[in-house]
Amino acid sequence: MFRRAGRRTNAALLVLCVGAFLSGWLAFASSARLPATLTTAAHGLFGIGVVALVPWKREIVTRARAVPVVAWLLIVLTVLCLASGFAQFLLGYHVVDVLGLLPLSPIQVHVGAALVAVPLFGWHVLRRRPQRLNRRDLSRRALLRTGAFTVGAGVGYLSLLGVAGWTRGSAGRLTTGSGRIGPDAIPPTTWLFDRVPALSADHRVEVAGRFWSVADLAARGRSVRARLDCTSGWYAEATWAGAALVDLIDRQRLATASSIEVTSVTGYTRRFPVAEAGSLWLATSCQGRPLTPGTGAPVRLVAPRRRGFWWVKWVVAVGLSDRPAWAQLPFPPQ
Ligand SMILES: Nc1nc2c(c(=O)[nH]1)N[C@H]1C(S)=C(S)[C@@H](COP(=O)(O)O)O[C@H]1N2
Ligand SMILES: [Mo]
């Protein structure tokens, strides 16, 4: 059965790996129920597809006269990436302290392995002669087989979802894939390389040209119940106290701007469409307690409609801008 392994196995794996990579980023950008369900399902299908082709790929590797070091490394990274991906899916969010040095969640291992694999994967693919599609690749039979393969992967995905319902226990699974943690267990989280800054007691936040002390903001605080859903695999429902941006910015000025740029003292920045102003808050406390330095003290953004990386910590400025909200990197570079 696996003797037919060859060009088409490799082409399918190429499509599946690229699809997995792109859908992974799309899933990170999704927070609403429907897009999150669709992107995480697509990501799962691509992953299951890769696993399903392992016997055929194994045949190709066995046949090869020599397997270069890069290819071995790719095998190791792929196994690591798949294992950590399925671990998050089936077991939910856990932190494993690798060698007692580096606390990592399954998703962090998953993304790390994928990112390291990208240049190796590119080299592995480009080193071959480019392949052309032929008539048989697009024949009715090939299409039927692809359809059957997709249905099989779909059945596999749904079965695994059922299994995850058991193995994940009480933490459950949000449509984004995250598992629940308690509001008092929110861990200080950085997106990539950002550092916790030291801020003075008289820290002020500039909002559309006006300066606010932390006490001023706290005095305008309203209670906001919101879900913080981090891409490292956890979410928490907590009650924040924050000043609504719409209470701090003149309505007329809001109406004429395109986007709202929220900046941290560290330079970390996110830009929101003005239409979202009504669901953005500058928070000074969480669960009735002041923020800790690691979680954004003295002022951080609460953005209930967005994934965690939009919740800018250590806010120093909120500015109105004519630039459209999409004129930014899809993910922060720091
Ligand atoms: N300035 C800054 N804000 C940031 C981050 C960061 O690295 N720098 N990380 C973001 C990410 S990825 C998440 S999930 C939340 C985490 O908030 P927490 O530290 O309270 O858990 O803050 C966001 N705000
Ligand atoms: Mo995050």
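Atoms within a ligand are numbered from 1 in the order they appear, just like the ligands themselves.
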query: Would you find a donor on one side and an acceptor on the other, under 3.5 Å apart, between the side chain of Gln88 and the backbone of Pro106?
result: no

- prompt: Taking only heavy atoms of Gly294, which atoms of ligand 1 are found under 4.0 Å from at least one of them?
  reply: 19 (O)

message: How far is atom 21 (O) of ligand 1 from the closest protein heavy atom, and which atom is that?
response: Pro187 O, 2.6 Å

message: So if I count the atoms of ligand 1 from 1 in the order they appear, which ones are less than 4.0 Å from some heavy atom of Ser264?
response: 1 (N)

message: Donor-acceptor check, side chain of Ser259 to backbone of Arg323, threshold 3.5 angstrom: yes or no?
response: yes

query: Going by atom types alone, do Arg307 and Thr231 pair a side-chain donor with an acceptor below 3.5 Å?
result: no

field: Which residue and heavy atom of the protein sit nearest atom 17 (O) of ligand 1, plus the separation
entry: Arg300 NH2, 2.9 Å

- line: Ranked by distance from atom 13 (C) of ligand 1, the top protein heavy atom is Gly308 O, 3.3 Å

task: Looking only at protein heavy atoms, identify the closest one to atom 6 (C) of ligand 1 and say how far it is in Å.
output: Tyr268 CE1, 3.5 Å

- request: Can you pull out the closest protein heavy atom to atom 3 (N) of ligand 1? Residue, atom name and distance to 0.1 Å, please.
  value: Lys313 N, 3.0 Å

message: Considering Thr189, Thr295, Val265, Asp229 one by one, which has a heavy atom nearer to atom 9 (N) of ligand 1 than any of the others?
response: Thr189

message: Through direct or indirect side-chain contacts below 4.5 angstrom among Ile, Leu, Val, Met, Phe, Trp and Tyr, which residues connect to Val265?
response: Val196, Leu199, Trp314, Val316

query: Out of Thr231, Leu228, Asp194, whose heavy atom sits nearest atom 1 (N) of ligand 1?
result: Asp194

- prompt: Can you tell which of Trp310, Phe331, Trp311 gets a heavy atom nearest to atom 24 (N) of ligand 1?
  reply: Trp311

message: Can a side-chain donor-acceptor contact be found between Asp322 and Ser258 if the only test is distance below 3.5 angstrom?
response: no

- request: Kindly determine whether Trp281 and Leu301 satisfy side chain to side chain contact (heavy atoms under 4.5 Å, CB included), including the steps that lead there.
  value: CA-CA 6 Å; Trp281 284 269; Leu301 192 70; over 6 Å; no

- request: Would you mind telling me if ligand 1 is within reach of the side chain of Thr190, the backbone, both or neither, using heavy atoms under 4.0 Å?
  value: both

- request: Check whether any heavy atom of Pro188 sits under 4.0 Å from an atom of ligand 1.
  value: yes

- prompt: Would you call Asp184 and Arg289 a salt bridge, using N to O less than 4.0 angstrom?
  reply: yes

Beyond-backbone contact of Tyr268 with Phe309, side-chain heavy atoms, under 4.5 angstrom: yes

message: Quick check on contacts: which atoms of ligand 1 are under 4.0 angstrom from a heavy atom of Thr266?
response: 1 (N)

statement: Numbered in order shown, the ligand 1 atoms found under 4.0 Å of a heavy atom of Cys230 are 14 (S)

- request: Just jot down the ligand 1 atoms closer than 4.0 angstrom to any heavy atom of Trp234, in number order.
  value: 21 (O)

- prompt: Does Arg204 come within less than 4.0 Å of Asp216, counting only side-chain N to carboxylate O?
  reply: no

statement: min-distance protein heavy atom vs atom 7 (O) of ligand 1 -> Trp191 N, 2.8 Å

- prompt: Does His110 reach the main-chain N or O of Cys81 with its side chain, forming a donor-acceptor pair under 3.5 Å?
  reply: yes

